[in-house]
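What follows is one structure encoded as structure tokens, with my remarks underneath.
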Amino acid sequence: MSRNTHIPVSLFLLAFAVSFPERGWSQEEDLIAGISETGATRIHLALPDFQAVPRGSLLALQAARTIHQVLRSDLEYSGYFNIVNPDYYQLVTGYSERDPKFQEWTAIGADSLILGKTEEVAEKLLLEGRLYDVPGKLAMLGKRYRGGVGSLRSIAHKFADEVVLQYTGEKGVAATRIAYVHQQGPNKNIFIMDYDGEHQIQLTRDKTLNLTPAWSPDGSRIAFLSYRSRFPELVILSQDGTRVRAYPQSGELNASPEWSADGKYLLFNSSRDGNAEIYSLRIADGRISRLTHHPGIDSSPAWSPNGRQILFTSDRNGSPQIYIMDAEGTHPRRLTFQGSYNDQGSWTPRGDRIVYTSRVEGRFQIFRIDLKDRKPVPLTSGRGNKESPSWSPDGRHIVYCSNVTGRYEIYSMTSEGERPTRLTRGGGNTHPAWSR
Amino acid sequence: MNRPDRFTWATILSVMVFATAFCSRGPKPGSPETEPPVFDPPSAIEEPGEEEAGGWQAETEVPTETLPPTGTSSGDAKGVLKTIYFDFDRYNLKPRAIETLSNNLSWLKNNPDFEIRIEGHCDERGTDEYNLALGDRRAISAKEFLVKRGISANRIRIISFGEERPIDSRHNNSAWSKNRRAEFLIVSNLSR
């Protein structure tokens, strides 16, 4: 009901935005909030099959089907759209990008329409995608992409993110990736995959352990813990496959790297001074600052999105619990009080919520805390462990790992714990990290 | 108002915002009410590229020394240093562990040419991240015991394997109690 009282305000602000377009964007946030909240209000999208030209081109037809199917699952996954039942599309006849037949789409309940066309041109494929607002009888977006059969999924992801951008002012997450750890016998290596589990690529090829990957904010580097030199070291792997040690290390534990939002610092935990403490590292020159001073274990650090606060896990009161301190290491205060084992805190990109792993009746489950009321909300329950939660860059989904099937696999779910979806197969897949 | 109505209005208005932006950029057909929107996508063509994974390159395989399997040590002194065990989620030394450590201490005093590595391990029931710190803390507890009683800190290196190297990979109490441990490995003999 509170949303009803909200709407006239939105209308006023939007009217204001129309008359002053250059100032309009910030005012539009009210509308975005209306769409994104729990996904209760969704856009009814008509997504008829894409046209393939020239007629008879198998390549164009297959591309049309693949892109259409990937686009559909991307947009459904985003939570902003309901796809209008395709059975009704046959009621709309003779439409084209020149004459989309808006009234007929309105009649079958569509708010929004996407028309797409793939064309085979010189053994390459061209996609033209158009987004229309049906009741407004307006074209909102037009895009052209070119690629080969190997890039059809990424073309669909890019177009999906543009469609989401039109409705929310923020790019979708369909072109993002997930890094994770995959076990091969006694060894563990770092892999990456698309956000939907496709395109799994092995990055490291060591006969040893590689653990706890973390993406740089620009997605061009991954920091992780490597045992290649016989002792656990923090290393940074770049997109081109080059690996550097994060700083000279002498063999103590250096673990759980986390990048700052500007990509210039890494938080990590280390026993370099004789006990597990939290440190920050300036990557450019290797300068290290110690942030915690406590004889207990301090581990699993994570920055708040604005960089002003740091989450970490400490057993300073007898069991692992999550604490928040200022970025300088001052004012540590306890965040979790429920349960005897809480770890792996992760800050939502918007900064208002935290997810973490909590042990309940001997099993790990994912919990969420809203920083306003600090009440722990369980997002998972039941059989198996669920661990290592990591937020999508838009804060609407969470990726995690679970052994609910008997083997560890990577899953994603909404920020409300709904629609858990398995992304990997074969077992031994843990510690996912979502790129920014 | 029911929800879809409200939402439709919001959508129309949001589109008006876009329309305003569109129109201000160049000549466009007149009112959308009278003329269908004939619009072409911008002529710019995006090419995401053929490569998978956004251009990420895998590392080439490098010859890496595999770590020696845990629980074994090399040389004449194989097996003389005994493993100590810990309680769940703990890193304090239990009386039994202190007894074992005292024997290890005497051997180290009698064999001053040997350097050792202490490996800290955990059972699988913690998170992988916290277990790395816990395994480390267990190795530190053992090292501190030895250093306080006269063994040079330079002779001892520590390493944590967290829950990654279980002795017993079953999922029961008996396996877990064997896996919560610190092992002592002889890594070099300085007299050789």
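Note on naming: letters A, B, ... go to the chains in the order of the sequence lines (proteins, then strands), and numbering restarts at 1 for each one.
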Among the options [options], pick out the one with the most heavy-atom pairs lying under 4.5 Å from chain B.
options	value
A:Leu225, A:Asn275, A:Asp298	A:Asn275
A:Gly109, A:Pro186, A:Ala175, A:Pro232	A:Pro186
A:Met193, A:Gln183, A:Lys188, A:His157	A:Lys188
A:Ala276, A:Ser300, A:Ser229	A:Ser300
A:His431, A:Glu387, A:Glu252	A:His431

Contact origin within [X] toward chain B - heavy atom pairs under 4.5 Å:
X	answer
A:Leu237	both
A:Asp343	side chain
A:Arg359	side chain
A:Gln202	backbone
A:Ser112	neither
A:Leu127	neither
A:Thr357	side chain
A:Leu152	neither
A:Ser256	both
A:Ser220	backbone
A:Ser299	side chain

Donor-acceptor contact present, side-chain B:Arg157 to main-chain A:Phe231, <3.5 Å | no

Do A:Leu211 and B:Glu164 have side chains that get closer than 4.5 Å, going by heavy atoms?
-> yes

Sorted by chain and number, sequence neighbours left out, side-chain contact (heavy atoms from CB on, under 4.5 Å) with B:Lys94 holds for B:Asp87

For chain A, which residues from residues 125-136 of chain B lie under 4.5 Å away (heavy-atom distances)?
-> B:Arg125, B:Gly126, B:Thr127, B:Asp128, B:Glu129, B:Tyr130, B:Asn131, B:Leu132, B:Ala133, B:Leu134, B:Asp136

Could you list which of residues 137-147 of chain B have a heavy atom closer than 4.5 Å to any heavy atom of chain A, in residue-number order?
-> B:Arg137, B:Ile140

Residues which pass ring-ring contact (aromatic ring centres under 6.0 Å, His included) with A:Phe312, listed by chain and number, not counting sequence neighbours = A:Tyr323

Atom pair CG/CZ of A:Leu209 and B:Phe161 - distance to nearest 0.5 Å | 6.5 Å

Distance col, row B:Ile158:CD1 vs A:Leu253:CG, nearest 0.5 angstrom, shows 8.0 Å

